[in-house]
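Each chain gets a letter, A, B and so on, in the order its sequence line appears, and its residues count up from 1.
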Number of protein chains: 2
Amino acid sequence: MSSALQDVSEVHQNHSDLPEKVLPGGIPRQISTRQILNAAEKIFSRDGFKGASMTAIAKEAKLPKANIHYYFKTKEDLFRATLEYNVIAWLSDADHWFTTDRHPRDAFTGYIRAKLRHAHHNPDASRLFTQEMLQGAPHLHHYLSTELRRHVEDRKIIFQTWTEKGLMAETDAAHLMFCLWSITQAYADTGLQLALVLGQEKLTEHDFETAARTLADIILVGVLPNAIPQ
Amino acid sequence: MSSALQDVSEVHQNHSDLPEKVLPGGIPRQISTRQILNAAEKIFSRDGFKGASMTAIAKEAKLPKANIHYYFKTKEDLFRATLEYNVIAWLSDADHWFTTDRHPRDAFTGYIRAKLRHAHHNPDASRLFTQEMLQGAPHLHHYLSTELRRHVEDRKIIFQTWTEKGLMAETDAAHLMFCLWSITQAYADTGLQLALVLGQEKLTEHDFETAARTLADIILVGVLPNAIPQ
DNA sequence: GTCTATATGGTGATAGAC
DNA sequence: GTCTATCACCATATAGAC
């Protein structure tokens, strides 16, 4: 299942365009496992690891409960597989926007828009990640302190380059990335509730557009140089 | 229990300085219920509504499980009470910073610092709120579409006044508040995991200080007028 | 008011027929 | 590979002794 960990650099709107080979085994096995993983993503994201039940996942996948245990021995195994297959690839998906040859203006705008698109189209994967973080990231501990940490370190260097070129104000990279990450995360996880506060039924494409623009406006002005407050 | 819904305008670091009368009944009942509610806050915030067990809450509260059911008839009742007692008051706690007579610079700085302090000192209440939002806010539906919506409407008017006075750039109030809210929320809910990414054991006071400063820097420059990007 | 003991139903996991 | 029937266990909730 380690192939699911590799960086998926193309932007995709759902999992159907992931390469077939990420799931091992024959065709019938692939169909069943994918069905199960998609169901698991939905149920785990809504109820958390403890709160989710194998019965609910089986019902969602329209398969007998025993089949789930045939493909994934334990609930724990299924959860890990769901994180790896549905979440981790998605996590680093918007990252190709940060390269030294880009202008920070384009990089941040592009990143924010890409992440918000993901938020809109893969709300379950996003919520699942948040659930895992809320519980203290027991399964992602290693991933956070290695791969994700490396990502942040890379950003730091790119930001420094931009700052030296005079393209960007001096900012703490880790906290800035955390800001961007948490806001886009929030739009995915609690967009419906935000709509409630706004007095709407649900978030429209237009709201995501407004969100992206407001966010980019705030971040950009705050991050680009030559803007002195007060 | 409706008295717990009222606005608590003073900043407090934990629940011990809430007025005694928010919990009805005699002294022994007060002691037990508070013990239970604090335990419930901790367990529900970690495991969610479905994931939490009455056994775990009882163990945390150091009381027999039957006593919990004596004071709060069902798990559902306990959850509602926990939200109302531990969360809703805390939610509107940092709001007194937004008044027309303040300069937006002071208002935003004050709000961010106050909210981050809460995040630091009441991580469980914060996480519990996030858990509830993740599950679609089934218990807070009414609160979101009435009281919280009114809060956002009030902010909108204050921001407009500031904009007219030339103290603030024109910004979408709802999305700006959502930004502020979600970031501070994220520091409370996933601060430990952020620390992991930063390569530390836990978030120190110094990190919260850096967070507050970075955040205020970004937001302020983006929100105050006369700052033209690029 | 407090707690022990228990009723009733749902849980993850498996054995074994097909 | 698939699914029915069933296991041992843990959940919420309550009855009734103190």
Report each atom pair, protein N/O against N/O of nucleotides 16-18 of chain D, whose distance is under 3.5 angstrom.
none

Polar atom pairs (N or O), protein with nucleotides 10-12 of chain C, under 3.5 Å:
{"unit_1": "C/dG12", "atom_1": "OP1", "unit_2": "A/A52", "atom_2": "O", "d": "3.4"}
{"unit_1": "C/dG12", "atom_1": "OP1", "unit_2": "A/M54", "atom_2": "N", "d": "3.0"}
{"unit_1": "C/dG12", "atom_1": "OP1", "unit_2": "A/K75", "atom_2": "NZ", "d": "3.4"}
{"unit_1": "C/dG12", "atom_1": "OP2", "unit_2": "A/M54", "atom_2": "N", "d": "2.8"}
{"unit_1": "C/dG12", "atom_1": "N7", "unit_2": "A/K65", "atom_2": "NZ", "d": "3.3"}

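One can place CG of A/N67 at 13 Å from C1' of C/dT14, the figure rounded to the nearest angstrom. The distance from atom CD of B/E76 to atom C1' of D/dA13 is 14 Å, rounded to the nearest whole Å. The separation between A/L63 atom CG and D/dT4 atom P is 11 Å, rounded to whole Å. One interatomic measurement links the two molecules: CG of B/D77 to C1' of D/dT12, which rounds to 13 Å at whole-angstrom precision. Note: OH (A/Y70) to C1' (C/dA13) measures 16 Å, nearest angstrom. One interatomic measurement links the two molecules: CZ of B/F72 to P of D/dT12, which rounds to 15 Å at whole-angstrom precision. Straight-line distance from the CD atom of A/Q35 to the P atom of D/dC3: 10 Å, rounded to whole Å. For the pair B/L78 CG and D/dA11 P, the interatomic distance rounds to 15 Å; values are reported in whole Å.
In this structure B/A195 satisfies the side chain to side chain contact (heavy atoms under 4.5 Å, CB included) test together with B/Q200, B/L203, sequence neighbours excluded. Remark: B/E153 pairs with no residue by the side chain to side chain donor-acceptor pair (under 3.5 Å) rule, at least two apart or across chains. When the side chain to side chain donor-acceptor pair (under 3.5 Å) test is applied to B/T55, no partner is found at least two apart in sequence or on another chain. Partners of A/K65 under the salt bridge (Lys or Arg N to Asp or Glu O under 4.0 Å) rule, at least two apart in sequence or in another chain, do not exist in this structure. By the ring pair (Phe, Tyr, Trp, His ring centres under 6.0 Å) test, B/F44 pairs with B/F79, sequence neighbours left out. With sequence neighbours excluded, no residue forms a salt bridge (Lys or Arg N to Asp or Glu O under 4.0 Å) with B/R149.
Nearest to the side chain of B/S32, among C/dT2, D/dC3, D/dT14, sits C/dT2.
Looking at B/R113 and B/E209, a side-chain N of the basic residue comes within less than 4.0 Å of a carboxylate O on the acidic one, giving a salt bridge.
The shortest distance between the side-chain N/O atoms of A/Y71 and the OP1/OP2 oxygens of D/dT2 is below 4.0 Å.
Side chain to side chain, A/S45 and A/Q131 fail the donor-acceptor criterion of an N or O pair below 3.5 Å.
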For residues 46-53 of chain B, tabulate all N or O donor-acceptor pairs below 3.5 Å that involve a side-chain atom, not counting sequence neighbours.
{"unit_1": "B/D47", "atom_1": "OD2", "unit_2": "A/K50", "atom_2": "NZ", "d": "3.3"}
{"unit_1": "B/K50", "atom_1": "NZ", "unit_2": "A/D47", "atom_2": "OD2", "d": "3.3"}
{"unit_1": "B/S53", "atom_1": "OG", "unit_2": "B/A56", "atom_2": "N", "d": "3.0"}

